[in-house]
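First the structure, in the form of C-alpha cells, and then the observations on it.
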Amino acid sequence: QMTEIGEGEGQLSIVAWAGYVERGETDKAFDWVTGFEEATGCMVSVKTANTSDEMVALMNEGGFDLVTASGDASLRMIAGKRVQPINIDLVPSWSSVDDRLKDAPWHTVDGVHYGVPYMWGPNVLMYNTEAFAEAPTSWNVVFEETTLSDGESNAGRVQAYDGPIHIADAANYLMFHQPELGIEDPYELNADQYAAALDLLRGQRELVSRYWHDAFIQIDDFKNEGMVASGSWPFQVNLLQADNVPVASVIPQEGATGWADTTMLHVDSENPNCAYMWFEHQLSSNLQSDLSVWFGAVPSVPAACTDGRGMQTQEGCDANGLAQFDKIKFWKTPVANCESQDECVPYYRWVSDYIGVIGGR
Amino acid sequence: MIAARSESIGTRLSDMLWRRPAVLLVLLLLPPVLWLGIIYLGSLFALLLQSFFSIDHFTGLINYRFTLSTYAELFTPANFDIILRTVTMAACCTLASAVIAFPIAYYAARYARGKWRAVFYLGIMMPLWSSYLVKIYAWKLILAKEGILTWALEGLRLNWLLEAYLSLPVVGGNSLSVSTTGTFIVFVYVWMPFMILPIQAALERVPGSMLEASGDLGARPAQTFRHVLFPLALPGIVAGSIFTFSLTLGDYIIPQIIGTSRLFIGQAVYQHQGIAGNIPLAAAFAVVPIVIMGLYLWGAKRMGAFDAL
Amino acid sequence: MHSDRAPLTLKLAAAGGLLFLHLPILLIFVYAFTTEEKSFAWPPPGLTLKWFAVTWHRPDVWEALALSVRVAAISTVLALILGTLCAAAVSRTRFFGRETISLLVILPIALPGVVTGIALRSAFSLADVPFSTWTIVLGHATFCVVIVYNNAVARFRRTSGSLIEASMDLGANMFQTLRHVIMPNMATALVVGGMLAFALSFDEVIVTTFTAGQQQTLPIWMLEELVRPRERPVTNVVAMVVALVTMLPILGAYYLTRGTDQVAGQGK
Amino acid sequence: MSAVTFDKVSRHFGAVRAVDGVDLDIAEGEFFAMLGPSGSGKTTCLRLIAGFERPTAGDIRIFGEPVADLPPYKRQVNTVFQDYALFPHLNVIDNVAYGLMIAGQGRKPRHKAADEALEMVRLGGYGARRPSELSGGQRQRVALARALVNKPRVLLLDEPLGALDLKLREQMQEELKTLQRQLGITFVFVTHDQGEALSMADRVAVFNEGRIIQVGAPEDIYFRPEVPFVADFVGSSNVLPAALVARLTGENCPAAIRPERLQLAEDGPVMARVTGLSFLGLTTRVSFEAEGTRLTALLPQDAPRPAQGDLVALTWAEGDLHLMRAGL
Amino acid sequence: MSAVTFDKVSRHFGAVRAVDGVDLDIAEGEFFAMLGPSGSGKTTCLRLIAGFERPTAGDIRIFGEPVADLPPYKRQVNTVFQDYALFPHLNVIDNVAYGLMIAGQGRKPRHKAADEALEMVRLGGYGARRPSELSGGQRQRVALARALVNKPRVLLLDEPLGALDLKLREQMQEELKTLQRQLGITFVFVTHDQGEALSMADRVAVFNEGRIIQVGAPEDIYFRPEVPFVADFVGSSNVLPAALVARLTGENCPAAIRPERLQLAEDGPVMARVTGLSFLGLTTRVSFEAEGTRLTALLPQDAPRPAQGDLVALTWAEGDLHLMRAGL
Ligand SMILES: Nc1ncnc2c1ncn2[C@@H]1O[C@H](COP(=O)(O)OP(=O)(O)OP(=O)(O)O)[C@@H](O)[C@H]1O
Ligand SMILES: Nc1ncnc2c1ncn2[C@@H]1O[C@H](COP(=O)(O)OP(=O)(O)OP(=O)(O)O)[C@@H](O)[C@H]1O
Ligand SMILES: NCCCCNCCCN
Ligand SMILES: [Mg+2]
Ligand SMILES: [Mg+2]
C-alpha cells in the first residue's frame with residue numbers, strides 16, 4: 001500500500017469499458033484525458049475490454065496499471081491478488097464519494113479498500129420506437145416470443161449479452177415471474193433456480209440471431225441488421241440516438257441488473273503515482289459529470305450532477321437512475337458458498353453452460 | 001599471386017567443408033532448425049504443457065499441477081459441439097472451395113495463354129493477397145439485413161427467394177450475416193484462393209497426351225474428367241485443402257463478425273485465452289486442430305500432396 | 001477433345017469464380033469514396049475524395065503502418081536467411097531426417113494461426129518475454145520461412161546440381177561458387193519469395209493479435225477500426241491503398257517468374 | 001480396301017504449315033511408316049487420323065467413311081503415344097482395361113480381356129504394378145496392350161521406341177512386327193529413325209516440311225531415292241552434286257551413292273583426301289573430301305584402311321550411282 | 001607417366017556398390033573410354049577423378065599425386081558435364097572465361113583466351129549469346145571450350161554426346177577426336193554407346209556393376225571379348241553356351257561369334273530356324289533359334305535371304321568362334 005504520492009512516471013495504462021476513457025476522438029466535446037495528461041504529464045493509454053472475464057484475463061496477464069472493474073470481476077481480482085489495497089488518505093476527494101459506494105462489498109474486503117468507485121448504472125432495455133408503439137414494460141420482449149406492435153414477431157430481432165453474467169438477467173426475470181422458485185438474489189442460484197434460468201435462456205436462443213459482445217457491434221446491428229430490442233447500456237442508446245436511429249430505453253417492471261464499477265490498481269503497477277493522480281482526477285474533475293452524460297451512467301460523486309463542473313444535470317442523473325440504486329442488482333461474481341442459501345452454482349459453471357446455451361445445448 | 005589466393009581464408013574454410021560435408025550440412029541446418037525447433041516447436045510444447053494444467057475457476061489463476069481434467073472439459077457437450085461444428089464447417093468449406101476453385105484452376109492451367117495467363121494470374125493472386133479483414137467486412141456489408149444483397153434482390157424482386165432460404169432451419173436465420181450460411185460463404189470466399197494454385201499446379205503437370213489417350217480409348221469428355229483428370233488433380237486438391245481446412249479450423253475473426261454467435265474452435269481458443277483467461281482450456285482446444293491437422297498431413301503426404309504444395 | 005478451345009460451361013464457371021472473388025473487393029474501393037460517414041448506405045449517396053486527405057492526416061494510421069512495415073521487413077529478412085539455408089540443405093544433400101525438416105517448415109503454415117499465436121503467447125508468458133516488435137517478428141518470421149523455402153527449393157530443383165560442381169571444377173572454392181553461381185541463379189527466386197513473405201506478414205492478423213500485446217500493426221488497427229469505427233471511409237481508404245500497394249510485389253513476382261515452371265506465391 | 005485415305009489434307013497452325021496438302025492411301029493390314037526429320041509433320045498427320053486435330057483443308061476417310069465430324073472417342077482407331085501416356089493413378093491391368101471400362105464392360109470380363117492382352121505383349125503377371133514401377137520397354141508394351149485390347153481397325157504408333165535403348169529397341173521392333181502380322185491390324189508408325197522405318201514397314205512415306213516427298217517400299221526408298229533429300233536422309237547416302245555427275249556421266253542431275261558401295265581403288269573417277277577414320281566394329285567409317293564435297297565410305301572389317309591425309313581414288317560398281325531428280 | 005591411377009578404389013552409397021574395387025591406369029595423352037550399361041558406375045568413377053565424390057576405400061592418384069584431400073577446385077582436371085552445366089546467367093564468353101576469372105585474370109586477357117577457345121571449337125562470334133540461345137551441339141562445344149581454356153591435364157567427359165541427334169553426334173565424334181589429337185590432353189570419356197567407345201577411344205574399359213570387366217584397345221574388346229558379358233554388350237555378339245561349344249569344339253567354355261561372321265550354308269555345324277528378318281539398309285538382320293539359343297546374323301545386301309520359318313544351316317570361318325572365360 002502506498003503511503004505517499006511521488007513524481008508521476010509519465011504514463012498510465014488503463015483497461016476500461018468501451019466509452020469509459022475518452023479523449024475526444026469520437027466526439028470532441030467528451031474529453032477527460034487530455035486535461036489530465038497536460039496537468040500530470042502521465043500519458044494515458046487505454047485497452048478496451050468487452051466483458052468482465054476479459055478484464056480479469058487482461059489483469060492476470062499483467063502490464064496494466066488500472067482497470068475499471070465491475071462487481072463480477074473485482075472480487076475475483078482481489079482474491080487472485082491481482083490488485084493492491086488503496087490508501088484512501090492519498091485521494092483527497094474520497095469524501096465526496098456517494099456514501100452508498102464508499103464501503104461497497106465489491107471493492108471492500110475486511111475493511112480494506114481495493115479501489116475507487118468510478119461509475120454505476122443499470123442494464124437498460126433498449127428498443128426501437130418504430131417496432132414498439134409504446135415503451136415495453138417487461139423484459140418478456142427479449143425472453144419470450146411475442147408479436148410486436150409493427151405486426152411482426154420479435155424472433156430474430158432481439159439480442160442478448162454475450163457474457164455468462166446474462167444468466168443473472170434471466171434469474172432476475174424469473175424472480176419476478178416465478179416467485180415459487182424462491183430466487184432472492186439473481187447471482188445466488190441453487191441448482192433448480194439455475195436450471196430454470198438456463199431453460200429460459202434456451203428459449204431465448206430461438207429468438208436471438210446473434211448475441212452482442214461489443215457495444216459498437218450492437219450499434220451496427222441496430223442500424224443494419226433490423227434489431228429492435230435488447231438488454232443494453234445507456235451508452236449505446238445515446239450513440240444511436242445521436243445518429244437519429246429511433247431507439248429509446250427503459251427499466252422494465254422486473255427491475256434490472258446493473259454495474260457499479262471501481263477503478264483498481266494492479267498489484268505490480270509500474271506507475272502507481274500516476275494511478276493515484278488518476279484516482280483523484282476521476283473524482284474531482286469534469287470526468288464524473290461528462291462521463292455520466294456520455295455513457296448514460298450515474299456518477300459516483302453525487303455532487304457532479306449539480307455542481308456544474310461538467311455537462312451533467314440533476315435531471316440527467318435522475319434519468320440515468322440515480323434514485324434507483326436499491327432496485328438495481330449490481331453485477332457480482334457468483335460463488336458456491338453464497339449468503340442467501342446453502343450452496344449456489346459457481347461462476348465457472350455459468351461460463352461453460354452459457355457457451356452451451358449459445359451453442360444450442 | 002595465385003598461390004596466395006588459393007590459401008585465402010575462404011579457400012581453407014572451403015577445403016575443410018569439402019573434407020567434412022557433414023559440417024556444411026550442420027551449418028546450413030543449424031539456424032532454421034534452431035529457430036523452428038526451439039521457438040516454434042518449443043512454443044507448441046509449452047502450449048501442450050499448459051493444457052495439462054487447470055484453472056482456478058474463481059480467481060482465473062492457473063493451477064500448475066498436472067491434470068487431465070482440462071481435456072475432460074473438451075468433451076462436455078457444449079465444447080464437443082464446438083469441435084464438431086468447426087470440423088463440419090471446415091469440411092464443407094474445403095469441399096465448396098474445391099468445387100469453385102477447380103474450374104478456375106483448370107481454365108488457367110489448360111486454356112489461358114498469353115495475356116489471359118497474366119489476367120488469370122493476377123485475378124487469382126489479387127484476392128489471395130488483399131486484406132483479409134477488409135474482405136470480411138465487405139461481406140458484412142453485402143450480407144447484412146439492410147445490406148447490398150437485399151438491395152439487389154429487392155431490385156430484382158427476388159426477395160422472397162432469400163426469405164424462403166432464411167426460413168430454413170440450421171442454415172437460415174434472421175439475415176445471412178447472422179446465419180451459418182453467411183459464415184460459410186465468407187469462409188469459402190476468404191480461403192478458396194488458397195485452393196486454386198495447388199490445383200493449377202497439379203493440372204499443369206498432367207500431360208495433354210493423358211487426356212488424348214483417354215479420348216482415344218473411347219471416353220467422352222465427362223468420362224475423361226471423372227476417370228483421368230480428377231484423380232490426377234486430387235493431390236493438388238488435397239494440398240489446397242490443407243490450407244482451406246486448417247485456416248477454417250483456426251479462424252476466430254470471421255465467425256465473430258458473421259454468424260450465429262455459436263463458437264468455433266478458433267473463437268474458443270481466443271476467448272478462453274484472451275477473454276476468460278483460461279489458458280489451460282484454450283491450450284487443450286488448440287491441441288484439437290494440431291491433432292486433426294497432424295492426421296490430415298499424414299494422409300496428405302501418403303497421397304503425394306506435398307509435391308503439389 | 002480439341003485442346004485449344006474451352007467448353008462454354010468451363011468458361012462460365014471460371015469467369016463466375018473470378019467474379020465471386022473480385023466483386024466484394026471492388027465494393028470496398030467504392031466505399032472509400034462515399035460521402036456518407038456513419039453508415040453504409042448502398043448505393044453511396046455521393047462520391048468524394050476527401051477521405052484520402054483525412055486519412056493522410058491521421059497519425060494513428062501512420063504509426064500502425066510504420067510498425068507493419070518494420071515487422072514485415074525484419075520478418076522477411078529473417079525468413080530469407082532461414083528459408084534459403086533450409087532449402088539449400090534439403091535440396092543439396094540427402095540426410096536422415098530430411099522429410100522431418102520439410103515437415104517442420106510446412107507446419108507453421110499448415111497449423112491454424114491461432115495455434116501458432118497462442119503457442120507463442122504462452123511461451124512468452126512462461127519465459128517472461130515482454131511484448132515488443134520482436135515478439136511480433138518472431139511469429140511472422142516463423143510462418144514466412146515456408147514461403148521463401150518453397151520458392152528457393154523450387155529454384156534449387158531447377159538449377160541443376162552440376163552447376164555448382166562445374167564451378168568448383170573450374171577452380172572456384174565454395175564461397176566463390178556461392179557468389180558467382182549460386183546467388184545469381186537464386187536471386188529472382190529469393191526476391192519473389194521475399195516479396196511474398198513481406199505481403200503475408202503485412203496482412204497477418206490472427207497470429208499478431210496474440211503476439212502484439214498493445215501494439216497496433218496495420219491489420220490490427222483495421223480490426224479495431226472496423227469494430228469501433230471513428231471515420232469508416234478512412235478504413236476503406238487504408239484498405240484500398242494497402243490492396244493496391246500489395247499488388248506491386250505480386251506483379252513483380254509475376255514478372256520475375258514469368259516463363260518459368262513455377263507459380264509464384266504458391267503454397268502461401 | 002483403304003484403311004486411311006487423305007485427300008489434299010492440310011493442317012496449318014497460323015503461319016506454320018504443319019501438314020500441307022498431303023495425299024495418302026494406307027491399305028488395310030499394311031504396316032505403314034511415316035519417316036522424316038523433326039518438325040516435318042508426322043505427328044500432326046497421326047493426330048489427324050486419331051482425331052486430336054482437325055484438318056484445315058481436305059478430307060480424311062477411315063475405311064471409306066469421312067471422319068470430319070467424328071471425335072476421337074468415336075473412331076475405331078487407337079494410339080500408342082510417344083510418351084506412352086499411361087495413367088499413373090491406375091495399375092497396369094486397369095490401364096489396359098480402361099477402354100473396356102469406358103465401353104461399359106463389367107469388372108470381370110474386362111480384366112480377363114486385359115490379362116489376355118498383357119499375355120500377348122508378354123507381361124502376364126504385371127497387372128498389379130503401377131506404371132512407375134515398370135521399365136521403359138515394359139511401359140511401351142503396356143501402352144500397346146491398352147490400345148490393342150480395344151480391337152482397333154487401325155493402330156497409330158508415334159515413335160513408340162524413341163525412348164528405348166538400343167538393345168530393347170531392336171527387340172521391340174521384332175515383336176511389333178510379329179504382332180502386326182499375327183493380328184492383321186493396320187499399323188501406322190511414326191519415326192525419325194531411318195533404320196527403324198526400313199526394317200519394320202511394308203511401305204514408308206518420307207516427310208519433309210509438311211509434305212510427303214516419296215512413298216514406297218523400304219528397298220525403293222533406300223536404293224532408289226527420287227530426290228537428294230531422301231538419299232541423304234535415308235541411310236546417309238553420299239549426294240554428288242549435278243556438276244560432278246555431269247562430268248562423270250554426262251547427265252546434269254544430282255546422284256546418290258551409298259557409303260558401303262564406295263570402294264578404294266588404285267585408280268578411279270574421283271580423287272579424294274581422307275579426313276577421318278572411325279572404327280565402328282562391323283565396319284570402318286572413312287570420311288573424304290573430294291572436289292569440295294564431303295563423302296563417306298564404310299569399309300568392311302577386312303578391307304585395307306587408308307591413313308588420315310592420304311589421297312586415294314574412289315570407285316563404284318556400275319549400277320550403284322543412282323541418278324535423281326533435282327530439287328529438294 | 002600415368003595420368004590417373006586407381007588402386008582398389010571403391011565408392012559405396014549405403015548398400016549400393018557404385019564403384020567396387022576398381023584398379024585403373026590411364027596413360028598421359030590417352031583417349032580413354034569407359035563403357036558400360038546404365039548404373040554400372042561409370043559416372044561415379046569420373047566424379048571420383050574430378051573430386052565430386054570421395055572414395056570409401058582405395059587411393060586415387062593424378063599424375064602420381066594422391067588426391068584424397070584435394071577438393072575439385074585444386075585438381076588439374078576439368079569436366080564436360082553430360083547436361084553441359086553452362087551457367088545460365090552468364091553469356092557464352094563469360095561462361096568460357098569463368099575459370100580464368102576465378103583464377104584472378106583480368107577482363108581483357110581472359111576474354112581474349114576465351115575467344116581463342118571458342119574459335120577452337122568453331123564458335124567464334126557466339127560470345128555474346130546466352131546458353132539458352134544455342135542449339136544442343138553448340139552448347140556442348142561451349143562446355144568443351146570452357147573446360148579446355150583452363151588447360152587441364154586431364155579432361156573428363158560424361159556422355160557429352162548423349163543428347164545430340166545421330167548426324168550431329170557423328171560429326172562431334174570426329175571433332176572431339178581431332179581436338180584430342182591436336183592438344184595431346186588425356187581424355188577420359190564416359191558412354192554407354194558401344195559404337196562411340198569403339199570409334200573414338202585408344203583404350204576402352206568395360207564396366208558392369210561397379211567393376212571393370214575388361215580393358216583394352218577397341219579391336220580387342222570387339223573381337224576378343226574375355227567374357228560373355230563383353231561379347232554381348234559390345235556389338236551384340238552371339239554367345240554360344242558352354243554345352244554347345246563343347247559339342248562343337250570339345251572345349252567346355254562359352255564362345256562368341258559376331259553376327260556378321262555367321263553365314264548361311266547348305267550344311268554346317270548348327271541347324272537353326274529363321275524367326276525374323278529385318279531390312280536394315282546396309283545389311284539384313286536375320287534372327288534364328290538354334291538348340292534353345294537365340295542367334296543373329298547380319299547378311300550383306302547382296303546375299304540370298306532365307307524366309308521366315310526356314311530351317312537353315314549356319315557356319316563360320318575358322319577363327320571367328322572366339323572362346324571365352326565362363327562367368328559373367
Ligand atoms: N499445336 C500446334 N501449334 C502450332 N504449331 C504446331 C502445333 N503442333 C505442331 N506444330 C508445328 O507443326 C510442325 C510439324 O509438327 P509435328 O509435331 O507434326 O512434327 P513431327 O514430324 O512429328 O516432328 P518430331 O519428329 O519432332 O516429333 C512443327 O513445326 C511444329 O512446330
Ligand atoms: N549419390 C548417390 N547415392 C546413392 N546411389 C548412387 C549415387 N550416385 C550413384 N548411385 C548409384 O550408383 C550406381 C552407379 O551409378 P553411376 O551414376 O555411376 O552409373 P553410370 O554407369 O554412370 O550409369 P548411367 O549410364 O545411367 O549414367 C547406380 O546404381 C546408382 O544408382
Ligand atoms: N491474405 C492473408 C491471409 C492470411 C493467412 N494467414 C495464414 C497464416 C497461417 N498461420
Ligand atoms: Mg512428332
Ligand atoms: Mg552416368
Side-chain angles (χ1 to χ4, degrees), chain C residues 84 87-100 151-194 252-253 255-262 264, chain E residues 13-14 16 43 46-53 70-91 94-105 110 114 117 131-132 139 142-152 154-160:
Chain C
T84 312
V90 165
S91 46
R92 280 285 160 258
T93 34
R94 337 197 132 261
F95 53 92
F96 181 74
R98 208 161 153 260
E99 301 274 289
T100 319
N151 277 279
V153 159
R155 177 63 58 90
F156 270 130
R157 214 178 276 150
R158 278 194 308 131
T159 336
S160 106
S162 54
L163 286 189
I164 289 169
E165 289 176 349
S167 169
M168 303 227 292
D169 187 68
L170 294 166
N173 66 33
M174 291 184 189
F175 301 96
Q176 291 170 314
T177 301
L178 180 71
R179 162 151 151 51
H180 293 295
V181 174
I182 301 180
M183 283 328 278
N185 276 295
M186 294 300 295
T188 51
L190 295 186
V191 171
V192 168
Y255 282 103
L256 283 175
T257 50
R258 200 175 30 161
T260 69
D261 55 345
Q262 135 192 41
Chain E
F13 298 101
V16 179
T43 296
L46 216 60
R47 294 169 57 79
L48 284 165
I49 303 175
F52 306 136
E53 301 283 355
L70 230 49
Y73 47 87
K74 289 187 174 165
R75 301 190 184 192
Q76 287 174 304
V77 160
N78 283 115
T79 307
V80 176
F81 291 82
Q82 179 166 13
D83 61 355
Y84 313 144
L86 299 181
F87 303 123
H89 60 293
L90 300 179
N91 63 18
D94 286 327
N95 259 284
V96 176
Y98 185 87
L100 303 177
M101 176 199 65
I102 292 295
Q105 277 201 20
R110 70 174 189 252
S132 58
R139 285 180 210 188
V142 174
L144 194 61
R146 183 178 69 174
L148 290 174
V149 81
N150 302 290
K151 309 209 184 307
V154 179
L155 186 71
L156 309 176
L157 304 102
D158 192 359
E159 311 216 13

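The sequence lines fix the lettering, A, B, ..., with proteins before strands; numbering per chain opens at 1.
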Would you mind checking which part of E:F81 comes under 4.5 Å of any heavy atom in chain C, side chain (CB onward), backbone (N, CA, C, O), both or neither?
side chain
Cation-pi check for E:Y98 against E:R110: NZ or CZ below 6.0 Å from the six-membered ring centre and within 45 degrees of the axis, yes or no?
no
If I measure from the heavy atoms of chain C, does E:R47 come under 4.5 Å with its side chain, its backbone, both, or neither?
side chain
Quick check on side-chain contact (heavy atoms from CB on, under 4.5 Å): which of E:V77, E:N78, E:T79 does E:V154 satisfy it with?
E:V77
Within this structure, what is the CG-CD1 distance for the pair E:L100 and E:I102, rounded to the nearest 0.5 Å?
10.0 Å
Can you tell which of E:P88, E:A143, E:P71 has the highest number of heavy-atom pairs within less than 4.5 Å of chain C?
E:P88
Just give me the residue among E:P152, E:A147, E:G99 that pairs up with chain C most often, heavy atom to heavy atom, under 4.5 Å.
E:G99
To the nearest 0.5 Å, what is the distance between CG (C:L170) and CG (E:N150)?
5.5 Å
Quick check: are there more than 12 heavy atoms from other residues, nucleotides or ligands sitting under 6.0 Å from CD of E:Q76?
no
Please flag which part of E:L86 lies under 4.5 Å from any non-hydrogen atom of chain C: side chain, backbone, both or neither.
backbone
